[in-house]
Amino acid sequence: MTELDVILFEAGFGYENLFVRTDIVEKKGDNVRLIEVKAKSFNSTDEYTFLGKKGGLVASWKPYLYDLAFQKYVAQKQYPDYDFTAFLCLADKTKIATIDGLNQMFRVPINGDPRKDIVKKLSSIEEIGGTVLSEVNVDEIINDIIADKFQYLESLTFEEIVDLFSNTYRKNEFLNWPINYSSCKNCEFKANEEQKKRGLLSGFEKCFSHQLGWKSTDFEKPNAFEVWNFQGKGLVEENRLLMEQLTQDDFKIKPEAGKISTSERRWIQVEKAIASDTSIHIETEALKEEMNTWVFPLHFIDFETSAVALPFTKGMLPYEQIAFQFSEHLYFEDGRIEHHSEYINSTPGSFPNFYFVRALKKTLENDNGSIFRFADHENTILCAIISQLEKSDEFDKTELIDFLKTITHSTKTNTNVWKGNRDMIDLRKIILDYYYNPLMKGSNSIKFVLPAIINSSLFLQNKYSKPIFEIDVSSKNFSSDHIWLQPDKFGFINPYKSLPSLFQDWTSEELDKLISEMDLIADGGAALTAYAKLQYIDMPDRERKELLRGLLKYCELDTLAMVMIYEHLKNDF
């Protein structure tokens, strides 16, 4: 590093066999600021953000702080004569945007290098109206980490841990790191059968084979990590991680009249997995009693949303919720099903929330039918929009708020408490309370529930294995000859996996010119990515329309999936 004052991006530091890369390095004389930029947000008025009230590191920040500590350690080793200070640069939830269109000042051009040409040229920093980021000096915490005030691993100093990791990597040895239930449950180094066929290895299997003596057959057996919402206390220490080794005492079962309690659900899963029993457990009478309270026509809704770091409009905070799309299916009392309405707003820089709510109000206010969501997301989003409306000067804010409060209930972040007379019904909670299907493998996500019920329901198989024009279900985005359920050798393909690819009719030459680099929208992550690309990439209109079609098809399937779940519960029991 020269004597010049410099600012470097992604600067590398190396010492012996250690290497780090720092987001921003700012050098002035002998003083060097190491700035780690993270997408994670924080509240700059919260004095307990990084250190808890008892003085320990806040768990959610540990990975970032240890990362920065390692950067400073290596940089200081390489340049011992310089004074390094560590900072985090984060989105600050106390700062509001002071201009409209802040997010549109960072766009990927249709031509040019996206790494160099992405930033809009500004004549002065005042054009952005002030930053929504904050630099936080965490140097004292970083120094305490390096000085072993906060031990990463008991009995080892920070330097000893660095040496351990470094030497283990250099020698290509197995680290033999202690197994932890919660960490291993979410292990990112697992490989499914398809990945193994492609030659990929499973770090999870290597670890458990080495440390617990598991054989290849043990990995084929159901294990405790698969049990829904289970903490597995003591199981690692006792080496009892296979379901066949679990007992009722591990679950402290507490029955709940007319419903499947959480502890009962876990034990039902274990019993059925051990016995290879694929039969469905259902509280039929209680479920029917619940369903009899529902009012036709039934509305099934799903939202696609985003939370962006750079606010769309003046007065917004970083990571405020953006609702840009919904789909709605109607189920009538005579069994007729209609893809009734949908909404999408992808205009770059447009704040869609209030338009979104007006469209939702228009489609839901014409009857008193029950409204269904799957999980808490839709209620959370609408409550966030209520708060946004309360701070707005929209001409119809009172009318919109009154409507939203009829179909929602308040969350902890709302200052007032309410529960609407038409509060949306959580179909996921219906599943949790009354229904267990072993094919769901412990997951209650709609992406697992749908294929499970499809492969369990003759009613759905008979109905949806026919083209759309032969069944009484309308569609706004799929051709009349589209077939929802396609058979394979294992049963029926998950409809999400058979969604049509994007750009199917494009020539090779046209595909080479694509800027979005997407080929399928079949999950929430892909939908979020597509929306971001529509916001920040100057792509041709034809390409934009193709992404929009993909988003509409995906969201339509989300609400049709809810209809299928309802039909399964209604017709198969």
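Not measured: the values here are computed from a predicted model. Throughout, numbering of the chain's residues begins at 1 and tracks the sequence.
Contact check for K476 versus L552: no side-chain heavy atoms found under the 4.5 Å cut-off. F219 places none of its side-chain heavy atoms less than 4.5 Å from the side chain of S202. A 4.5 Å side-chain heavy-atom check between L246 and F251 finds at least one atom pair inside the cut-off. S456 has its side chain within reach of L439: a pair of non-hydrogen atoms, C-beta onward, lies under 4.5 Å apart. Taking 4.5 Å as the limit, some side-chain heavy atom of W418 sits within range of a side-chain heavy atom of T408. Contact annotation: the side chain of E378 never approaches that of I381 to less than 4.5 Å [non-hydrogen atoms, C-beta and beyond]. I280 is listed as a side-chain neighbour of H568, based on a closest heavy-atom distance under 4.5 Å. In this structure the side chain of R428 never reaches within 4.5 angstrom of the side chain of I446, judged on heavy atoms.
T49 approaches V58 most closely through the heavy-atom pair O-CG2, 3.3 Å. Taking each heavy atom of I274 and M243 in turn, the nearest pair found is CD1-O, 3.3 Å. Closest non-hydrogen pair, K272 versus S279, comes out as NZ-OG, 2.9 Å. In terms of heavy atoms, S327 sits closest to T559 at OG-OG1, 2.8 Å. Annotation for I253 and Q248: closest pair CD1-NE2, 3.6 Å, computed over non-hydrogen atoms. Across V449 and M440, no two heavy atoms sit closer than the pair CA-CG, 4.0 Å.
Using a cutoff of 4.0 Å between basic side-chain nitrogens and carboxylate oxygens, E556 and K553 are not scored as salt-bridged. Taking the charged nitrogens against the carboxylate oxygens, D488 and K497 have no contact shorter than 4.0 Å, which rules out a salt bridge. Between E567 and K570 there is no salt bridge, since no side-chain nitrogen of the basic residue lies less than 4.0 Å from a carboxylate oxygen of the acidic one. Electrostatic pairing of K429 and E290 does not count as a salt bridge here, judged by no charged N lying under 4.0 Å from a carboxylate O. Under a 4.0 Å N-O distance rule, the pair D433/R265 does not qualify as a salt bridge. Note on K221 versus D218: salt bridge recorded, some NZ/NE/NH1/NH2 to OD/OE distance being below 4.0 Å.
Listed for the D426 side chain is no donor-acceptor partner under 3.5 Å among the backbone atoms of F374. Side chain of N414 to backbone of N416: no donor-acceptor contact under 3.5 angstrom is found. Between the Q245 side chain and the L242 main chain, a donor and an acceptor come within less than 3.5 Å of each other. A donor-acceptor contact shorter than 3.5 Å links the side chain of Q461 to the backbone of I454. No donor-acceptor pair closer than 3.5 Å links the side chain of E271 to the backbone N or O of I268. A donor-acceptor pair is defined here as one N or O able to donate and one able to accept, closer than 3.5 Å; no such pair exists between the side chain of T406 and the backbone of N421. With S501 contributing its side chain and Q504 its backbone, the two residues share no donor-acceptor pair below 3.5 Å.
Side-chain contact annotation: S475 with H482, donor-acceptor N/O pair under 3.5 Å absent. A donor atom on one side chain and an acceptor atom on the other are not found under 3.5 Å apart for Q486 and S498.
Within the cation-pi definition used here (under 6.0 Å to the ring centroid, within 45° of the axis), K233 does not qualify as a partner of Y181. A cation-pi contact, defined as under 6.0 Å to the ring centre and within 45° of the axis, links K40 to W61.
For an aromatic pair to be called close, the ring centres must be under 6.0 Å apart, and F230 with W267 fails this. Between F356 and F326, the distance separating the two ring centers is shorter than 6.0 angstrom. Two rings, from Y66 and F70, have their centers 6.0 Å or more apart. Taking the six-membered ring for Trp, F573 and Y434 have ring centres at least 6.0 Å apart.
Atom-to-atom distance recorded for F332:CZ and E338:CD is 5.0 Å, nearest 0.5 angstrom. Rounding to the nearest 0.5 Å places CZ of F478 at 5.5 Å from CG of L499.
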Legend entry - CA sep, side-chain torsions, deciding dist, call: K288, E285, salt bridge (charged side-chain N to carboxylate O under 4.0 Å, His left out): CA-CA 5 Å; K288 294 298 182 186; E285 295 305 317; over 6 Å; no
Legend entry - Intermediate values then yes/no, side chain to side chain contact (heavy atoms under 4.5 Å, CB included), E342 and N477: CA-CA 10 Å; E342 60 186 5; N477 301 295; 2.9 Å; yes
Legend entry - Trace of the side chain to side chain contact (heavy atoms under 4.5 Å, CB included) decision for Y464 with I471: CA-CA 8 Å; Y464 289 97; I471 58 178; 3.8 Å; yes
Inset, instruction - Test side chain to side chain contact (heavy atoms under 4.5 Å, CB included) on L551 and E304 and set out the steps. - result: CA-CA 9 Å; L551 281 168; E304 300 302 330; 5.5 Å; no
Inset, instruction - Let me see the working for L485 and K463 under side chain to side chain contact (heavy atoms under 4.5 Å, CB included), right down to the final yes or no. - result: CA-CA 9 Å; L485 299 190; K463 178 175 182 177; over 6 Å; no
Legend entry - Pair S263-S261, side-chain hydrogen bond (donor to acceptor under 3.5 Å, both in side chains): steps then yes or no: CA-CA 5 Å; S263 55; S261 70; 3.3 Å; yes
Inset, instruction - Step by step, work out the ring pair (Phe, Tyr, Trp, His ring centres under 6.0 Å) result for F492 and W484. - result: CA-CA 10 Å; F492 286 85; W484 289 107; over 10 Å; no
